[in-house]
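Note sheet for the following structure.
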Amino acid sequence: MVSGDELNIKMKKNNSTKKEQQFWAYTFLFFPLMLLTIFLFIPILFSFIISFFDWELMAAHQKFAGLNNYVEIFRDKIFYKAMLNTVLYTIGVVPIQTMLALFLAFVMNQKIRGRSFFRTAFYIPAVTSSVVTSIIFVAIYSKEGLLNSLLGNLGIQANDWLTNPKTALISIMMLNIWTTSGYFMVSFLAGLQNIPDSLYEAAKLEGATQRQQFWHITVPMVRPVTYFVVVMSLIGCFQVFDQVFVMSDGGPNNATTTMSYYVYQNGFRYFRLGYGAAAAIVLAGIIMTVTVIQKKYFPPNPY
Amino acid sequence: MRAIKIQKIILLTILSLVAMVYLGPFIFSVIVSFSDNKNLINQPGQIVNSGWTLRNYIYIWKDLPFATWLFNSVIITVCQTITNVFFSALAGFTFAKLEFRGKNLIFGAMMASLMIPGIILIIPKFMLINELRMINSYPGLILPGMVSVVNIFLMKQFFETMPKDLEKAALIDGCNYFQMFWKVFIPNSKPALAAVAIYTFQGTWNEFLWPLIATNTGEMFTLPVGMASLRYELLTDWPAIMAGTILVSIPTLLIFVIFQRYFVQGIASTGGKE
Amino acid sequence: MVKNTLKYILLASSLALITSCVKDKANTIRFSSWQSNPSEKRLTDSLLHCFVIRYPEYKVKFELIPGNYSEKIQLMLGTHSAPQVFYIKDFVAPSYLRYDVLQPLDEYIDKDTTFDKDDFYPQFLNAFTKNGKIYGLPKDFGCFVLFYNEDMFKATGLSDPPKDWAELEEFSRKLTKDTNGDGKIDQYGIVIEPSIDKLIPFVFQNMGSFQDKDGNLTLNTPEFQGALEYYYGLYKKNIAIIPSEVSMNNTEEVFGRKRAAMVISGGWFVPQLKDQYKDVNYKVAYLPKGKQMATIAFTVSYSSPKENPLKEESWKLLSYLTGKEGMKVWTSTGIAMPTRKSVAAQLDYINHPEYKFFMGSVDFAKIFQVDYNERWYSITQSAMQAIFYEKADIPQKLKQMENDIKSLRIKN
């Protein structure tokens, strides 16, 4: 039972801590926010502004274009193809990647022989730069490459994975899952450390199996990290660029043109920065919508 | 007893197979890097016939400005890793545990900024750095990446999983918020800090587009840019390319191996949890 | 709080100190080119060295640009931080000429009595000319020729290269064979690729073109279609191979690794053949004749930005590099052909067993430039890929291409 005196003390503490919290918050955030403003928010603002112009880097004067860029985007066949590719890519990669990462982290958290070795093995793809893994995989995916040799032993016919419009996108998806599942395993491993062993012990005493422990203890407790991984995964997938740039240049026939690549193509290759910026804003809008919906149906902190 | 043993063996086998899939391409490139057969990459079956050599590694280290690029990469990466770990913890703590005016707005803006494809920001960033006369210099390469929203987000989420009692205990002990941050939360966040360190180190080490744009001369290249500049020099000299890329990958791998022990320690029973 | 502020001040001041130390010398000429093979880089270095020896009062800094050259140059031109002298490929020149960012060189050319601009072959200079003003000086040129494997020809009983389209097809058929008796074809007559660059010489040979004098598209014409159908036909009839089907990156590699008896390439292939594919007994010939002789020429200019604090110095470097002396040094190694008639005569390339095909092609070589936004290239690439990989209908694709590219016309 809380006495009246204790309540008074608590209320006083709350009022003073509020001002105190504000002071500390602004102090702590000063430097990081300043950096972010200069190198992140201002460039974003710049991009937003030029999306309303026919902005060409080398032109002496920029023409105001109003909403023309946006209208043109929604009329462009390739834009829709890029959007479709990106959506397919995301739907394919995010769930698999997240579950794989969590599963790997869970297994890696157990006392298994050679744990450090396995952990490192799973993380290695994430360590190599995407430019490099893309180069390696171009060789592996080629008609006389490693993949076809292996599949040939299983009796599966050889295929040029990257130049076949039907398999090009999936090939890059596989590559991405391979690289980033280990990457997110790291996040989950960090989160798993916060789950007290006592919970698992208590469950074991009550006869829970590994699987039950996983679904009823691990998954709920690690929810904020899962939220982080899913959001970062979504964002990463919507922005996938490096692999496309190195491996397929958006081809064949736009089969692997993703939205980020579309932005790059139009902004840089076609010298139309304003249009590229508009595409970037549209892409951002789509991602934001998806994230908001996701937050509604999968809130990070239900407790 | 036997049932558990068989289960363990099955698990190990499955894990080994999966590990093979993950390690396979990497192992393949290591093999190619030590080979003297330039066409090995197209004819993997030729492994048995090919000779081995250290020539590729020696070539990369001696004949190319590898050491300069390495030096640049190290400086930039170490700086950015330290600042990121510190500031993301600080900011993450702020968003997780403090209440202040504008909190949701600022955090919302930060999350929204993640949605913008980074590509399009390269140009305005270049223009800014150009105005500051920092093109082709260390500040130009370090400053833009000193803080990152992703890391702040990660730390925030992590701090939110930490028990509220820690906070209350610290307040009762008379700590101000900086002391609480520094003396209570940081020591208990080693896994997350390790994650941030690993992510930042790796991200900066492998960063390609920004150092490419922001440098003009070979002396300022970082490793990925330097390796790219050799694309025509090495053309289809795959063994040399592989040797170079493996050398570039080693530091990030080492960082991971070093920091991963923090994942092994759990939070020992902290006061007030049970 | 105080501790933090002090930390910030220290950081800021040290940054300022570092920045001030990193400053370029004010009167150094910055020169940029793209990535090229090591021998070309060495030659560039020595040429610049010659310049500095000749004019010791000048300093030159060679800034090689890795990665995507065009985007970096664009960026630098747009932010007034471009090098004083840099390369521009003829293919993309229209994109730069569209804007007012390059320095017109006429006043310098006219003032310099030794420069002699009429010494240049006209089409190369015209590639960088707009509205009568010259914006770049062509440093050298290359063009498409036919490379063929003499051993493979002899083994098939052929002594001469194909003279025209009919012979090209016939020879390709004869040269496509299973050389080791395993039932699979290992050698193809010719290697081609599904890209507009390699198709366009055939179009010109067929009296077609990409656009007419006024810049209107001429893709949906019988001449263009005829060329495309002939070109694709080689692949369809299985007497031509494309690089991806043998897991290689480009047509040169396929020829170098002896999977094809013929390839269309340019002078840049020669050093590679000598270096990497030493065991290929190759010979050079003119491209086979269609309804007329035609080939594509490539040239690169040295240009200068309009915003340039070192205009006089830049001109000195430009005029040296493309002057009679500089060009002679550069092209005497055969790395590329001279764009000056006098230098070509001096080096007597017209009588050189190999180079004569390049020099001889000048008469019927065209520069390929279009007046459409760069996106036209992706559109044609997609169309070509659809035709080769998905067996798309050619007339339909041509109509679609013309429709899609039409709206990309660059307004002048």
Side-chain angles (χ1 to χ4, degrees), chain A residues 18 21-22 24-26 28-29 31-32 35-36 39-41 43-44 46-47 118-125 127-129 131-132 136 139-140 144 146 149 182 186-187 189-191 193-194 196-198 224-225 227-228 232 235 239 241 260 263-264 267 273 276-277 280 283-284 287-288 301, chain B residues 15 19 22-23 25-26 28-29 41-42 44-45 87 90-91 94 98-101 112-121 123-125 143-144 146-147 150 153-154 157-158 160-162 177-178 191-192 194-195 198 202 206 208 224 245 248-249 252-253 256-257 260 263 265-267 273-274:
Chain A
K18 237 197 176 158
Q21 285 186 32
Q22 192 138 312
W24 284 111
Y26 290 150
F28 289 164
L29 288 182
F31 202 59
L35 281 172
L36 283 179
F39 294 109
L40 185 62
F41 294 128
I44 292 179
F46 178 84
S47 302
F118 283 118
R119 227 182 344 220
T120 315
F122 296 136
Y123 190 67
I124 278 195
V127 161
T128 350
S129 86
V131 177
V132 170
I136 299 178
I140 294 181
E144 288 170 9
L146 194 60
S149 319
V186 167
S187 295
L189 271 176
Q193 304 313 313
N194 264 348
D197 284 328
S198 50
V225 182
Y227 177 69
F228 168 80
M232 293 316 301
I235 291 176
Q239 294 195 23
F241 175 77
S260 212
V263 169
Y264 163 77
L273 212 53
L283 175 58
I287 301 179
M288 220 174 304
N301 281 320
Chain B
L15 276 181
Y22 275 80
L23 282 178
F26 189 75
F28 182 57
S29 52
I41 198 149
N42 288 320
F87 286 121
L90 199 56
T94 311
L98 299 178
E99 286 301 324
F100 53 97
R101 212 142 32 121
S113 76
L114 289 176
M115 324 275 172
I116 312 265
I119 312 290
I120 203 75
L121 301 179
I123 304 252
K125 270 186 0 192
L143 281 180
M146 276 175 77
V147 174
V150 176
F153 182 37
L154 173 59
Q157 296 304 104
F158 181 80
E160 279 175 7
T161 67
M162 291 181 78
Y177 279 100
F178 187 74
I198 292 177
Q202 181 197 317
N206 289 326
F208 179 69
T245 51
V248 176
S249 312
T252 35
L253 189 56
F256 175 76
V257 169
Q260 69 160 325
F263 297 142
Q265 303 162 3
I267 292 187
K273 181 53 203 171
E274 255 93 291

Margin query: I need the residue from A:Ile44, A:Val225, A:Leu283 with the largest number of non-hydrogen atom pairs under 4.5 Å to chain B.
Written below: A:Ile44
Checklist line | Interface moiety of B:Glu99 toward chain A, non-hydrogen atoms closer than 4.5 Å | finding: both
Notebook entry, point to check: Roughly how far, to the nearest 0.5 Å, is the OH atom of A:Tyr26 from the CZ atom of B:Arg101?
Noted result: 6.0 Å
Next item on the list: Check whether A:Phe118 gets within reach of chain B through its side chain, its backbone, both or neither, counting any heavy atom under 4.5 Å.
Entry: side chain
Checklist line | Interface residue of largest heavy-atom contact number with chain B, from A:Phe46, A:Phe41, A:Phe39, under 4.5 Å | finding: A:Phe39
Next item on the list: Only counting residues at least two apart or in another chain, list the ones meeting side chain to side chain contact (heavy atoms under 4.5 Å, CB included) with A:Ala280.
Entry: A:Val263, B:Pro117, B:Ile120
Check: Would you call the rings of A:Phe28 and A:Trp24 parallel, tilted or perpendicular, where under 30° means parallel and over 60° means perpendicular?
Finding: tilted
Next item on the list: Please state whether the side chain, the backbone, both or neither of B:Thr94 comes within less than 4.5 Å of a heavy atom of chain A.
Entry: side chain
Next item on the list: Identify, with sequence neighbours excluded, every residue that meets side chain to side chain contact (heavy atoms under 4.5 Å, CB included) alongside B:Ala112.
Entry: A:Met288
Next item on the list: Could you verify whether a donor N or O on one side chain and an acceptor N or O on the other, from B:Gln202 and A:Tyr123, lie under 3.5 Å apart?
Entry: yes
Notebook entry, point to check: Which atoms of A:Gln22 come close to chain B, meaning under 4.5 Å heavy atom to heavy atom: side chain ones, backbone ones, both, or neither?
Noted result: both
